[in-house]
Amino acid sequence: MKIWAHRGCSQRYPENTLLAFEKALEIKGLAGIEFDIQLTKDRHMVVLHDERVDRTTESIGYVRDYTLTELKKLHIYADVHPTQQIPTIEEVLDLIESAMRSGLKLNIELKNSVYPYEGMEDQIVDLIHARGLQEQVIYSSFSALSLQRIRELDPVTEIGILDTKVSDCLYKLAGGCGANALHPYWRGIDLQPERLRDYTVRAWLSGHLYPEKPTGTKLDLAALENRGITDAFLNEPEVYL
Ligand code: G3P
Ligand code: CA
């Protein structure tokens with residue numbers, strides 16, 4: 001089972017922050033880091049899960065209504081650690097790029113199924129190519145149309161189609177979105193393992209997020225592997241590696 005840091009180490013540190021990614025870089029044997037991108041009003045790519053800033057900062061409103069300068073004034077609580085800011089994708093890449101060149105993978109989830117940020121695909125593919133990181137990147141989205149556009153822009157890149165049920169991932173893949181991996185919710189494995197044998201199945205686990213306290217419960221990864229899951233996106237990868 002390959003283990004990924006989901007939004008960085010997001011159980012003990014605030015999700016999708018430089019702090020959460022720094023902690024992920026300390027984990028030996030980690031397959032990769034997953035994060036989410038949104039677009040600001042002035043078209044900067046920022047790393048943030050929600051379309052709004054309400055849950056993770058002191059402010060309210062849609063990311064797309066803030067300029068980058070305005071977003072950078074917001075604070076993300078981090079307890080004893082320095083207060084964090086919403087990072088730009090460039091800041092995160094600066095932090096993790098050398099680890100990527102040593103083999104760490106990066107799953108960039110385009111958060112464009114709720115609000116379809118026009119041109120986001122071109123922007124992210126251009127940036128990853130400009131940095132020469134295309135072999136280390138896997139793009140994913142719940143939007144099959146968005147992935148289709150990524151595939152047009154990069155015929156060889158790795159693409160994972162997101163959905164809750166693995167059967168729906170497979171259905172969207174068959175529809176020609178250009179994906180070559182399935183990214184279902186871990187409780188959405190509704191097909192027999194034989195049907196999944198030829199696929200990379202990267203499952204995401206919702207789990208607990210900072211500042212909720214860790215529960216101490218551990219998943220049976222071997223059981224998940226027997227169901228056909230090859231990779232797991234975990235909020236607390238540090239507990240498994
Ligand atoms: O990419 C897998 C997973 O991150 C999708 O769900 O809501 O955590 O972005 P979410
Ligand atoms: Ca995600």
Side-chain angles (χ1 to χ4, degrees), residues 1-18 20-21 24 30-39 45-56 62-63 76 86-87 89 92-93 96 104-117 120-121 124 128 136-144 146-147 150 157-170 172-173 177-189 196 199-212 219 221 224 228-237 240:
M1 177 75 75
K2 291 183 185 155
I3 305 293
W4 293 67
H6 183 231
R7 314 184 199 177
C9 289
S10 56
Q11 162 68 91
R12 288 178 177 73
Y13 308 95
E15 66 186 72
N16 282 338
T17 61
L18 293 181
F21 299 130
L30 190 73
I33 291 175
E34 187 266 359
F35 63 60
D36 312 281
I37 58 169
Q38 310 270 350
L39 276 192
M45 289 180 280
V46 289
V47 178
L48 191 70
H49 179 271
D50 300 1
E51 286 72 25
R52 295 178 65 92
V53 299
D54 308 34
R55 181 173 61 86
T56 52
Y62 287 98
V63 175
I76 301 175
I86 297 169
I89 189 164
V92 180
L93 291 177
I96 68 176
L104 188 80
K105 295 270 187 184
L106 172 62
N107 179 194
I108 302 174
E109 183 186 346
L110 287 78
K111 277 289 180 209
N112 53 4
S113 55
V114 176
Y115 183 78
Y117 297 106
M120 188 192 229
E121 298 85 1
I124 185 62
I128 294 303
Q136 291 309 118
V137 166
I138 297 157
Y139 300 97
S140 63
S141 173
F142 283 89
S143 163
S146 175
L147 296 182
I150 297 266
T157 193
E158 265 200 82
I159 294 178
I161 180 72
L162 277 160
D163 215 310
T164 305
K165 292 180 185 171
V166 75
S167 59
D168 287 333
C169 293
L170 212 46
K172 280 155 108 176
L173 181 141
C177 67
N180 36 23
L182 312 174
H183 288 200
Y185 181 49
W186 72 294
R187 291 190 186 278
I189 307 300
L196 302 175
Y199 294 97
T200 296
V201 180
R202 301 189 185 97
W204 38 284
L205 292 91
S206 39
H208 295 263
L209 288 165
Y210 180 89
E212 282 180 74
L219 290 160
L221 293 186
L224 297 184
I229 295 173
T230 58
D231 297 51
F233 295 109
L234 302 174
N235 296 353
E236 41 182 359
Y240 295 85

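Quick note: numbers below take in every heavy atom, side chains included, and nothing from hydrogens, waters or symmetry partners. All ligand and atom numbering here is 1-based and tracks the order in the structure. When a residue number appears, it is its place in the shown sequence, counting from 1.
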Would I124 and M45 count as a side chain to side chain contact (heavy atoms under 4.5 Å, CB included) here? Give the steps. CA-CA 8 Å; I124 185 62; M45 289 180 280; 3.8 Å; yes
As a test of understanding, state which of V47, I138, I37, L162 forms a side-chain contact (heavy atoms from CB on, under 4.5 Å) with E109. L162
Of the options E51, E15, R7, which is the one that meets D36 in a side-chain contact (heavy atoms from CB on, under 4.5 Å)? R7
Numbering the atoms of ligand 1 from 1, which are under 4.0 Å from a heavy atom of [X]?
X	result
R7	7 (O), 8 (O), 10 (P)
K111	7 (O), 9 (O), 10 (P)
D36	9 (O)

Looking only at N, O or S atoms, which one in D36 sits nearest to the Ca ion (ligand 2)? OD1
In terms of relative ring orientation, are F233 and H6 parallel, tilted or perpendicular, with 30° and 60° separating the classes? tilted
Taking [atom] as the reference point, the nearest protein heavy atom with its distance:
atom	value
atom 10 (P) of ligand 1	H49 NE2, 3.2 Å
atom 1 (O) of ligand 1	E34 OE2, 3.0 Å
atom 5 (C) of ligand 1	E109 OE1, 3.5 Å
atom 6 (O) of ligand 1	W204 CE3, 3.6 Å

Which is it for H6 and ligand 1 at heavy atoms under 4.0 Å: side chain, backbone, both or neither? side chain
Basic-acidic side-chain contact under 4.0 Å: D231, R202: yes
Please report, to 10°, the angle around the Ca ion (ligand 2) from atom OE1 (E109) across to atom OE2 (E34). 100°
Working note: Y62 + Y115, criterion ring-ring contact (aromatic ring centres under 6.0 Å, His included); need CA distance, chi angles, decisive distance, verdict. CA-CA 10 Å; Y62 287 98; Y115 183 78; 7.7 Å; no
Can you give me the closest heavy-atom contact between A179 and L173, atom names plus distance? O-CD1, 3.5 Å
